[in-house]
Each structure stands twice: as structure tokens, then as C-alpha cells.
Number of protein chains: 2
Amino acid sequence: MASDKKQLILSTVLDLVKQTGFYHLNMKAIAERAGISAGTIYLYFKSKEELINELYQTVLGEFNQAVLHSYAPEVGFSGNFEAMLRAAVDFYLPRKDYFSFIEQYTYAPFLFKESQEENFSLLLPIFKLLRQGKKEGLVKAFPEPVLISIIHGTLNTILKMHFAHKLDLRKKSVYQSFCTAVREAVTNPANKDSLPTPHP
Amino acid sequence: MASDKKQLILSTVLDLVKQTGFYHLNMKAIAERAGISAGTIYLYFKSKEELINELYQTVLGEFNQAVLHSYAPEVGFSGNFEAMLRAAVDFYLPRKDYFSFIEQYTYAPFLFKESQEENFSLLLPIFKLLRQGKKEGLVKAFPEPVLISIIHGTLNTILKMHFAHKLDLRKKSVYQSFCTAVREAVTNPANKDSLPTPHP
DNA sequence: TTTGAGAAAATGAACGTTCATTCAGTGATA
DNA sequence: TATCACTGAATGAACGTTCATTTTCTCAAA
């Protein structure tokens, strides 16, 4: 089917970017790896630029869906914050190719203005939650961009380090440390008086 | 003088990377902007790769020097931690070209294995300090890579946001928020008993 | 079931462009 | 004249894209 081949091309690009990097990506290499000819790619994509941009949107879409899916209105701010942070990590952890692609896309020459913007809103759902938590006094009173930097920056770097084998996020203890660290960095210390008491 | 022209070439590259990006950097553009011919560049550098790598080492060296220079043995852990964090910010704040170059270099095809390593050790002096502070119980008991992620990641992202005009680090309040945020994220809450009392 | 003609998909050689690198030539200075 | 830094046209490799041609698929007629 037609969309099969399109999918094949897209996943081949992910594969190649992970393995050889964005700079060495070329249409012939994509074609070879996918077992098709270079010309065929142009039956499914108008240009290399369009191909890359479509892949970017796809990856971003999948990510957003994964994070949003972890949101549950009933568990309140703290529960949702941790859940979405974990969802973000869990999404990329088994998808080094996705992470690598998103990372390198940022500095590719294709980047539309709109996409450039988007890059900071990668964790948009989390940031929304943040604003809510701030109103409730649960989140520290730092300017929003500072809070974003902590979450986005820490997440980004820890994933990078994980994939560079500087740490192993699959270890429960490391994973937990990361979550705790981000929570503590962003939220006010829990007031004992306001803690929900299991048995009043 | 010979080193004058070398310097001219190096700073021209910084300029061009900032303005047009790494991908569009080419030898002819460098030559034109520097007011020399393309061939001349090859009198001072063996190749484009060598040129870029030398520039990378230069920028890194300047940065390390700036951060190390801010270290003062007499002010203890907290004082030094804040001083070095500030030194790092202060270094890049007026040097968008440096920051942009370092950022994009990471994903350039030139990257040697050694340089790849180096990228996480960008804040090496700070990390050394961290280890010391951990022993003294001043730093939170997270795995070191987690602490590194917080500092490196947050610093990196906040600079990126600053240069993208998402915030203004030149504002005292924003700057202070950032410093406080990182300190709180990394260090244990100060114990009032152990605070140095100005007038005992 | 077989045939075959027309549609759709795929091919890969060829093209034009860009780019790093080279080198024969230029001109100023000693 | 000899030396030197410098020039910029020439070179060739790499790349995205195109398109004339071939292959594969489809399905109605025999």
C-alpha cells in the first residue's frame, strides 16, 4: 500500500539519523537503506525538506499524545505533574532515534519559524499544569521561563546522558532520583499541615 | 602578523555561525566576510574541520578560564557554587556567538570522539566543587549525573531561552531567580543552627 | 482461465548546483 | 632577482532533484 511505503521511508530516516547523524543524511542513503530507489522517495514527498518536516511533526505528535494520555483530572496537581514527567521520560527512553532526531532537527537548516517556536513548547501540557499549580501555591514563585528551563533542561540533559551511557535511567533508583529532583526543584516543600492524612 | 589573520578568520567564523548557522557556513563566505580569499584560509588551517575544531577548543578554553577565575578558596562551598554559576552565565550572556557555536558544534559532523566526551564536562570545575559539597552534606544526595543534569540542563536551556527572547537574563530579578532555583534544586535547605551568625 | 492493454509505481542515470580544496599566477618587498 | 603572502579560477566530489524508461499491477474481454 502507498502509506506503507511512506512509513517505511519515515522510519528509515529515523534509523539513519540515529546511526549516522543529520549531517550525513542523504536521499541516496535513505533509498538504499529502505531498499527502494532515490526517485521513489519523490513520489511520496515533495522534497527532502518536506520529508524531514513531516517526520518532525509525526514524532512531536506521538510524544504529545503520550504525555497527554497520562493526564488524569482526578489526581490533582502533584499526581499529574509526576505522571507527565514520567510519561515524557518513558516515551523517549525506548526511542533513542526519536530523541536523536528531535535534538538534531533543531539546528537543521529546514526549520520553519513556527517549528523553531515549537521547540520550547515541547512540554506544553506540563507547562499548562505548572501555571495551575502556581496559582494554588504548590509551585515555587519563579518566573515561568525559569521553571520551564529547569524541567525542560534537566529532562533533556538527563536523556542525553542516558543515551551517552553516563547513567542508566532504567535503574529505578536513578529514575526516582530524577523525578524527586525535578519535583523538589519546582514545587514548594509540602506543608505537613496540608498533607492529606490517610486515617484522620 | 600571522596570528592576526588567524584570529580574524576565527572570529569571522563565530560571526557567521551566529548569523547564518552552522549548516550554511562555507569557506567562501568566511573568506568574503573576512575580506580575504578562500585560498588564504588554507595557509592558516589545514582544513575546514581543523578550523572548526580549533575554534571549539578556543571557546572552551576561554570559558573554563572565566569560570575557574571566579573560584576563591576562602568563601567556602556555597559562595563558590554561586560564583561559578554566575561566571558561567556572565560568560555567555554577552557572547551569543560563542553559545550558538558550542551548541551547534555538538551535532556537527566534525566532532571527534574526545570532543564528544568533553561536552558534558563543560562545567567541570563546578562538578568538582559539587563532589566536595556532597561530602560536606550541603548537596542533595542524588546521583552525580542527576545533579549535573540539573545544572547543565537548566543553564543551557535558560541561555537558549534568553537568546530566543523568551526571557531577559539581564534583569536582576530573573537572573536572581535562576540562581536561587538552581541552588535550591541542588543543595539541601540551609539548617538555621549551622548558619554563620553575623554578630554572635 | 488466459490475454493484453492501459494505469500506476518504481527505477536509476543524468543534470545542475554547491562546496571544500588545490595550485598556477600576481605583485609587493627586500 | 628571490621571497613571500596572497589570490581566485579550476577541480572534482557530493548532493538534491528530475524524468525518460521499465516493471508491476489491474481488470475487462475473450
Side-chain angles (χ1 to χ4, degrees), chain A residues 1-58 100-101 104-112 115, chain B residues 1-58 100-101 104-112 115:
Chain A
M1 209 202 299
S3 91
D4 277 357
K5 195 145 284 180
K6 206 166 173 178
Q7 272 309 308
L8 170 68
I9 295 169
L10 288 172
S11 64
T12 301
V13 172
L14 275 181
D15 220 46
L16 274 175
V17 169
K18 181 180 68 174
Q19 284 200 12
T20 64
F22 225 109
Y23 279 83
H24 295 113
L25 188 71
N26 66 70
M27 302 303 268
K28 205 162 179 194
I30 298 169
E32 256 170 42
R33 174 72 71 102
I36 59 178
S37 91
T40 305
I41 299 175
Y42 287 86
L43 298 176
Y44 297 93
F45 299 95
K46 222 178 62 204
S47 65
K48 187 183 181 185
E49 173 169 342
E50 199 191 85
L51 165 56
I52 298 295
N53 279 321
E54 186 162 331
L55 184 54
Y56 180 73
Q57 293 303 328
T58 303
S100 178
F101 175 76
Q104 300 191 47
Y105 176 84
T106 309
Y107 285 109
F110 315 114
L111 212 60
F112 292 137
S115 307
Chain B
M1 209 204 297
S3 90
D4 275 357
K5 195 146 286 181
K6 206 167 174 177
Q7 271 310 309
L8 171 68
I9 295 170
L10 288 172
S11 64
T12 302
V13 172
L14 275 180
D15 219 46
L16 275 175
V17 168
K18 181 180 68 174
Q19 284 200 11
T20 64
F22 222 110
Y23 278 83
H24 295 112
L25 188 72
N26 66 71
M27 302 302 270
K28 203 162 182 193
I30 298 170
E32 256 170 42
R33 174 73 70 104
I36 60 178
S37 93
T40 304
I41 299 174
Y42 287 87
L43 297 177
Y44 297 93
F45 300 95
K46 220 178 65 203
S47 65
K48 188 184 181 183
E49 174 170 342
E50 199 189 85
L51 165 57
I52 299 295
N53 279 322
E54 185 161 334
L55 184 54
Y56 180 74
Q57 293 304 328
T58 303
S100 178
F101 174 76
Q104 299 190 47
Y105 175 84
T106 310
Y107 285 108
F110 314 114
L111 212 60
F112 292 139
S115 307

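Numbered from 1 within each chain, the chains take letters A, B, ... in sequence-line order.
Here the P atom of nucleotide C:dA9 and the CD1 atom of A:Ile9 are 13 Å apart, to the nearest Å. In this entry the distance linking OH of A:Tyr23 with P of D:dA14 reads 19 Å, nearest Å. For the pair B:Leu25 CG and C:dT18 C1', the interatomic distance rounds to 14 Å; values are reported in whole Å. Spacing between atom NZ of A:Lys28 and atom C1' of C:dT11 amounts to 13 Å, rounded to whole angstrom units. At whole-Å resolution of the value, CG in A:Asn26 and P in D:dA14 are 10 Å apart. A:Ile36 has its CD1 atom 8 Å from the P atom of C:dA10, to the nearest Å. Following rounding to the nearest Å, B:Lys46 (NZ) and C:dT22 (P) show an atom-to-atom distance of 10 Å. Counting to the nearest Å, the P atom of D:dC15 and the CD1 atom of A:Ile30 are 11 Å from each other.
At least one side-chain nitrogen or oxygen of B:Ser37 sits closer than 4.0 Å to the OP1 or OP2 atom of D:dT7. Considering only side-chain N and O atoms, B:Tyr44 lies under 4.0 angstrom from the phosphate OP1 or OP2 of D:dC6.
Checked against D:dT17, C:dA10, C:dT21, the side chain of A:Lys5 finds its nearest nucleotide in C:dA10. Listed nucleotides: D:dT18, C:dT21, C:dA9. Nearest to the side chain of A:Leu43: C:dA9. The side chain of B:Thr40 approaches D:dT7 more closely than any other nucleotide in the set C:dT21, D:dG16, D:dT7. Among the nucleotides C:dA20, D:dT17, D:dT7, the one closest to any side-chain atom of B:Met27 is C:dA20.
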Given A:Leu25 and A:Phe101, is the side-chain contact (heavy atoms from CB on, under 4.5 Å) satisfied, shown in steps? CA-CA 11 Å; A:Leu25 188 71; A:Phe101 175 76; over 6 Å; no

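Side chains of A:Gln104 and A:Ser100: a donor on one and an acceptor on the other come within 3.5 Å.
Among the protein residues, A:Leu51 comes within range of no part of the nucleic acid, since none of its heavy atoms lies under 4.0 Å from any strand.
The structure places CD1 of B:Ile9 at 8.0 Å from CE of B:Met27, a figure rounded to the nearest 0.5 Å. Rounded to the nearest 0.5 angstrom, B:Leu55 CG and B:Leu10 CG are separated by 5.5 Å.
Between the A:Ser11 side chain and the A:Leu8 main chain, a donor and an acceptor come within less than 3.5 Å of each other.
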